[in-house]
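Down below is the structure, laid out as structure tokens.
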2 protein chains.
Amino acid sequence: MIDPRRLRVLRALADHGTVTAAARALHLTPSAVSQQLAALESEVGHELLRRRGRRVSLTAAGELLVRHANAVAAELERAQATLAAFTSGTTGRVEVGSFASAITQVVAPALAALRVSAPDVTLRVRDVEGHASVPLLLDGEIDLAITEEYRLRTDDRRLTRFPLYTEPFDVVLPPEHPLAGRAEVDLADLADDDWVVTLPGNPVRDVVQLACEHAGFAPRITHTSDDFRAIGALVRAGAGVALVPRNAVRGVPVRGTAPLRRVVAAVRRGSEDHPLIELVRDALLDAVGQ
Amino acid sequence: MIDPRRLRVLRALADHGTVTAAARALHLTPSAVSQQLAALESEVGHELLRRRGRRVSLTAAGELLVRHANAVAAELERAQATLAAFTSGTTGRVEVGSFASAITQVVAPALAALRVSAPDVTLRVRDVEGHASVPLLLDGEIDLAITEEYRLRTDDRRLTRFPLYTEPFDVVLPPEHPLAGRAEVDLADLADDDWVVTLPGNPVRDVVQLACEHAGFAPRITHTSDDFRAIGALVRAGAGVALVPRNAVRGVPVRGTAPLRRVVAAVRRGSEDHPLIELVRDALLDAVGQ
DNA sequence: CCGCAGCCGGCGGGGGTCGATCACCCCGAC
DNA sequence: GTCGGGGTGATCGACCCCCGCCGGCTGCGG
């Protein structure tokens with residue numbers, strides 16, 4: 001029989017791609033992970049890992065088993081959720097991971113509301129870089145992740161997601177910029193400016209570049225940062241212009257159709273029925289006035 | 001996090017009703033089972049067992065968790081099945097449990113056919129009393145059970161079932177019986193005979209009694225046995241008449257609508273896609289000419 | 001030459017057995 | 001009726017063994 005605890009190890013490997021990273025996520029040494037995977041292979045009688053150089057990748061059988069492992073994990077999560085629904089008094093802790101601006105936007109208000117409506121629920125908030133929250137969620141380090149929609153594949157069967165709010169991207173201009181003070185700005189008018197954008201790999205960068213392209217130009221990129229407050233500081237220092245989500249840095253609306261950032265909450269599949277998760281989700285939805 | 005191995009113990013308890021019996025099924029001591037269940041309770045933070053006298057029964061939370069445990073088990077079974085489908089050459093062992101007459105009827109021919117069509121598959125057959133096969137199946141002692149339909153609840157989500165064949169009940173008469181030699185017998189003509197039937201609790205007994213009732217009388221029961229060959233011997237010895245499945249003891253057809261015994265094969269849910277199971281199932285269906 | 005995967009020796013603890021105890025139920029004796 | 005005893009079932013404590021982890025090492029590859 002397959003030892004279901006070993007499936008957990010396999011899942012971690014699939015998520016992190018390397019034995020060492022999986023071990024970190026499981027709070028184990030690489031040695032232990034390697035041994036467990038070897039044991040799993042002999043258990044199922046199949047090669048699950050392919051040694052590719054100094055790394056490993058999953059074989060087809062491995063990929064298959066991972067999908068079943070995900071189903072098992074979801075079922076366990078569901079078991080915990082329905083069981084928790086039996087506890088009459090809602091007590092417990094929920095760990096929420098969120099990027100900075102969403103904390104001020106929705107998490108902090110939700111936390112305040114929960115302090116009075118459900119004082120026995122302790123909400124632990126963790127400021128997490130956008131790209132890090134989903135892995136943390138899957139690792140079980142946090143129970144609910146607030147992230148941008150484009151960081152999730154819609155068909156990811158490991159997660160359940162629900163939308164929180166949508167915000168447009170605003171233009172941020174230096175105080176001395178000729179267009180400063182306008183009520184709206186046309187992107188095309190910024191074709192000759194210097195631009196401050198996020199680092200390559202950050203999806204926001206693609207959003208900005210697509211928007212500029214749509215306005216008929218390619219932005220001249222002079223400075224980069226993944227921290228929107230840093231971007232705001234650079235812009236105020238006259239380093240260039242930027243296009244950032246409204247709640248990150250307050251700017252000027254874009255004339256016409258502005259790109260949008262959709263913010264969603266995600267939980268591990270199966271935990272969506274957990275009463276504490278439902279409570280926090282509802283508080284978050286209340287906080288965005290919905 | 002719930003340790004999924006402990007769910008296995010909980011399942012065994014639910015199936016067998018007592019810690020000792022669950023321990024037997026798991027090849028453990030009662031002490032070990034008791035400890036694992038206590039650990040599970042503290043893991044989920046709920047009472048799962050209620051001490052009722054010197055026995056235990058499941059609480060509502062326990063019942064709930066059992067259902068999830070069944071889902072997890074089915075998923076693990078499915079994982080094993082899809083992985084086994086990767087092995088090109090069909091090799092392995094399948095344990096089949098069946099009552100005696102079905103062995104001669106379908107299992108033996110299927111075994112003979114598999115010996116030539118799939119020589120690397122070893123089929124182990126086990127003669128099992130009708131009531132015992134399903135528990136053995138759930139315990140993992142056998143992989144496929146051939147049993148009467150009325151021994152299965154149709155909504156049992158732990159099993160997948162498929163029909164094999166249907167046989168009518170025949171009347172068995174002593175050689176010196178006035179109706180002996182007839183091509184058909186009307187049940188109503190046996191109202192004044194002594195009857196040999198199965199023991200109370202055996203569903204066949206209910207079938208016989210219902211049939212007699214339908215024919216307008218209550219059978220006068222003088223001898224009982226759960227072994228149809230023993231019943232046949234008693235009848236031939238002149239002890240009375242009987243109504244038994246045709247393949248168990250050859251008798252005389254009933255005039256009008258005879259009661260039917262539907263014989264089905266059952267496998268653990270999730271294992272229906274296992275290539276070896278499919279192979280055996282097809283061989284069984286071939287053996288009944290379908 | 002660093003970093004990662006995979007062995008090997010050694011250790012600790014989870015999880016097993018064993019034996020004893022307690023609780024309960026079904027008896028039959030009185 | 002009730003009292004006591006035997007059988008059975010659950011649980012606890014003590015012990016212990018092996019599984020599974022760690023740490024250090026090797027080998028390889030980028």
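Every chain is numbered from 1 and lettered A, B, ... according to where its sequence line falls, protein lines coming before strand lines. Nothing here was measured: the structure is a model prediction, and the numbers come from that model.
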- [ ] Evaluate the side-chain proximity of A:L159 to A:L138: yes if any heavy-atom separation is below 4.5 Å, no if none is.
- [x] yes

TODO: Enumerate the residue pairs fulfilling side-chain hydrogen bond (donor to acceptor under 3.5 Å, both in side chains) with a member in residues 123-135 of chain B, sequence neighbours excluded, ordered by first and then second residue.
DONE: B:E95-B:R124

- [ ] Would you please test B:D194 and B:H223 for side chain to side chain donor-acceptor pair (under 3.5 Å) and show each step?
- [x] CA-CA 8 Å; B:D194 288 338; B:H223 305 278; over 6 Å; no

TODO: Would you check if the side chain of B:R161 reaches a backbone N or O of B:T154 as a donor-acceptor pair within less than 3.5 Å?
DONE: no

Task: Which atom of B:V56 lies closest to which atom of B:V19, heavy atoms considered - done: CG2-CG2, 4.0 Å

Open item on the list: Going by side-chain hydrogen bond (donor to acceptor under 3.5 Å, both in side chains), name the pairs with one or both residues in residues 270-281 of chain A, residues two or more places apart or in two chains.
Closed with: A:T160-A:E272

Open item on the list: I need a per-nucleotide contact map over nucleotides 9-23 of chain D, read 5' to 3'. Cutoff is protein heavy atoms under 4.0 Å; write B for the base, S for backbone only, - otherwise.
Closed with: SSBBB------SBBB

Task: Main-chain N/O of B:D3 paired with B:E43 side-chain donor or acceptor, under 3.5 Å - done: yes

Task: Interface residues of residues 63-70 of chain B with DNA chain C (non-hydrogen, below 4.0 angstrom) - done: none

- [ ] Mind jotting down which residue pairs meet the side-chain hydrogen bond (donor to acceptor under 3.5 Å, both in side chains) criterion with at least one end in residues 198-207 of chain B? Sequence neighbours excluded, please.
- [x] B:N202-B:D226

Task: Five-pair end axes of the helix from C:dC1-D:dG30 to C:dC30-D:dG1, angle between them (10°) - done: 30°

Task: Distance in Å, B:L64 CG paired with B:T59 OG1, rounded so as to fall on 0.5 Å steps - done: 9.0 Å

